There are 2 protein chains.
Amino acid sequence: MSKTAATPVKFTHIQCGDCPIRHRAVCARCDDSELASLEETKYYRSFEAGQTIVWSGDRMDFVGSVVTGIATLTQTMEDGRRQMVGLLLPSDFVGRPGRDTAAYDVVATTDLVMCCFRKKPFEEMMLTTPHVGQRLLEMTLDELDAAREWMLLLGRKTAREKIASLIAIIARRDASLKMADSGGSVVVDLPLTREAMSEYLGLTLETVSRQISALRKDGIIVIEGKRHITIPDFERLLEEAGDDSDGGFLV
Amino acid sequence: MSKTAATPVKFTHIQCGDCPIRHRAVCARCDDSELASLEETKYYRSFEAGQTIVWSGDRMDFVGSVVTGIATLTQTMEDGRRQMVGLLLPSDFVGRPGRDTAAYDVVATTDLVMCCFRKKPFEEMMLTTPHVGQRLLEMTLDELDAAREWMLLLGRKTAREKIASLIAIIARRDASLKMADSGGSVVVDLPLTREAMSEYLGLTLETVSRQISALRKDGIIVIEGKRHITIPDFERLLEEAGDDSDGGFLV
DNA sequence: TTTGAGCCTTGACCTAGATCAAACAATGTC
DNA sequence: GACATTGTTTGATCTAGGTCAAGGCTCAAA
């Protein structure tokens with residue numbers, strides 16, 4: 001997810017019209033006639049925190065993007081081991097054109113609003129409106145980069161580095177929305193439970209808890225409550241994360 | 001990489017003309033005039049086993065696809081820890097349109113021939129020839145699926161399951177090319193050193209070696225030399241890999 | 001004001017895989 | 001034929017993170 005923030009966000013949704021966020025700025029290249037067919041099939045869906053949106057293997061006849069809230073993509077093995085493979089924040093795209101079955105569980109981690117399109121008309125529109133496909137390619141390439149950074153994290157980082165990385169990733173994505181650094185220190189509210197973090201990081205929730213405590217004891221982060229985190233020195237956090245330099249954020 | 005083989009291969013390269021493999025079947029939808037501009041900038045490059053094609057961070061002014069041989073994408077941390085994030089077999093695409101710097105080390109694992117295009121003209125052609133972009137989107141979505149399966153492997157599988165998975169993945173990709181199963185048993189030549197396997201799997205090379213020995217002792221695989229593997233019962237291997245059922249291969 | 005359900009923390013212990021070390025096999029070079 | 005070199009195997013030991021278990025905190029329902 002980390003490099004996504006590095007690319008300038010011009011128009012983030014593949015959607016249009018009256019969406020609550022990024023209203024009207026959605027697609028600079030669309031004229032109204034091109035958008036008409038999309039408008040017709042667009043609809044919103046709301047989900048409560050914890051609700052499963054689709055189960056892996058289920059038929060999925062829509063695509064869409066997150067408007068508000070957070071969703072996750074998760075894979076499960078027969079014996080119950082779970083690995084998160086996607087973390088969807090506002091503006092992220094869900095679903096795969098050209099496939100009618102969900103490959104992963106999609107779960108709303110917080111209360112969630114999605115902007116959806118029926119898949120069939122969306123696919124047709126992709127054929128007639130090339131730049132939507134181009135935009136989707138761009139977004140997919142970003143996701144692939146994020147997945148590859150994630151693979152480095154899963155395969156080679158220590159538990160401590162994993163936690164530091166996750167906090168940095170969330171802080172970075174957050175900051176790109178609300179730019180809330182008051183004098184060098186960055187503030188984040190973790191939108192995930194310890195368990196969800198463990199599924200993201202390929203750890204147990206106990207290890208997540210212990211490493212968060214360790215980072216707190218070492219002054220890398222300051223915690224109020226369970227989820228509200230202040231990062232006094234972001235550079236220091238990035239060092240703990242084992243990322244080379246800034247990961248494309250500062251600078 | 002695994003699900004890639006599941007989607008029917010219609011025309012695999014984004015390339016055309018006189019490529020050694022899949023010659024002429026490359027792009028059913030292209031007419032000659034559309035391909036002309038690509039032909040102009042197309043060229044082949046050969047690399048020896050072990051040679052680094054591009055270093056992460058280097059300028060990369062071409063895109064291309066593997067014609068013969070195998071290449072890897074690898075990320076490296078400052079202290080030298082390495083994680084493979086891409087395994088490129090013949091027909092796989094290399095490079096990212098819209099970015100001029102390599103994000104990963106690209107290394108030829110075997111002797112390698114690539115079919116390359118200068119990036120600038122390729123990008124221009126993507127704008128004028130939409131279905132090339134569409135094909136690229138399809139390939140990128142496949143890669144993203146593969147990356148996500150890989151994440152499950154890295155985050156949740158045991159060393160034994162990782163090895164079994166890797167052998168299955170390679171066998172599957174191999175089989176889709178040469179369909180070499182003689183009476184239920186499948187034969188593979190591992191195109192990777194133990195070290196490369198360890199970089200793929202997020203393990204040490206010693207653990208890779210030990211687990212291969214263990215699978216051999218248990219009769220899951222039969223080895224001649226170091227690299228030549230016979231799989232007497234592919235289903236059994238898949239069970240060891242912890243994949244749900246067949247992973248989209250048999251059936 | 002209890003009770004209970006989620007979510008989180010911490011401790012004690014254990015094990016899968018890492019690390020360190022030695023040696024072997026195949027290949028090429030002088 | 002001696003000898004590096006590269007890839008691999010195997011053994012002995014160590015440790016990061018998993019597992020099992022007990023509580024603690026918070027909020028909401030009864």
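Chain letters run A, B, ... following the sequence lines, proteins first and then strands; every chain starts at 1. The structure presented is a predicted model; accordingly, all values stated were derived computationally and were not measured.
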| task | At the 4.0 Å heavy-atom cut-off to chain B, mark where contacts on DNA chain C begin and end, going 5' to 3'. | result | C:dG17 to C:dC20
| said: For the CG atom of A:L87 and the CG atom of A:L73, what is their distance to the nearest 0.5 Å? | reply: 8.5 Å
| query | In chain order, what residues pass the salt bridge (Lys or Arg N to Asp or Glu O under 4.0 Å) check against B:R156, with sequence neighbours excluded? | reply | none
| task | Could you tell me whether B:T204 contacts a base, only the sugar-phosphate backbone, or nothing, with contacts defined as non-hydrogen atoms closer than 4.0 Å? | result | base
| task | Applying salt bridge (Lys or Arg N to Asp or Glu O under 4.0 Å), name anything that partners B:E206, two or more places apart in sequence or on another chain. | result | none
| query | Under the side chain to side chain donor-acceptor pair (under 3.5 Å) test, which residues partner A:T110, sequence neighbours left out? | reply | none
| request: Not counting sequence neighbours, which residues clear side chain to side chain contact (heavy atoms under 4.5 Å, CB included) with A:T193? List them please. | output: A:E195, A:A196, A:R227
| task | Could I get the full list of side chain to side chain contact (heavy atoms under 4.5 Å, CB included) partners for A:T109, not counting sequence neighbours? | result | A:I70, A:T72, A:L192
| note | Residue set satisfying side chain to side chain contact (heavy atoms under 4.5 Å, CB included) with A:A241, at least two apart, ordered chain then number -> A:A164, A:S165, A:D243
| said: Under 4.0 Å from a heavy atom of chain B: give me the 5'-most and 3'-most nucleotides of DNA chain D that qualify. | reply: D:dT8 to D:dA12
| Nucleic acid contacts - residues 207-230 of chain A versus DNA chain D, non-hydrogen atoms under 4.0 Å | A:T207, A:R210
| said: Going by side chain to side chain contact (heavy atoms under 4.5 Å, CB included), name the residues that satisfy it together with A:R160, two or more places apart in sequence or in a different chain. | reply: A:T158, A:Q211, A:A214, A:L215, A:D218, A:I220, A:E240
| Could you give all pairs that pass the salt bridge (Lys or Arg N to Asp or Glu O under 4.0 Å) test and reach residues 66-77 of chain A, with sequence neighbours left out? | none
| query | Which residue pairs satisfy the salt bridge (Lys or Arg N to Asp or Glu O under 4.0 Å) criterion with at least one member in residues 45-54 of chain A, sequence neighbours excluded? | reply | none
| Under 4.0 angstrom, heavy atoms only, what part of the nucleic acid is B:G202 near: base, sugar-phosphate, or nothing? | sugar-phosphate
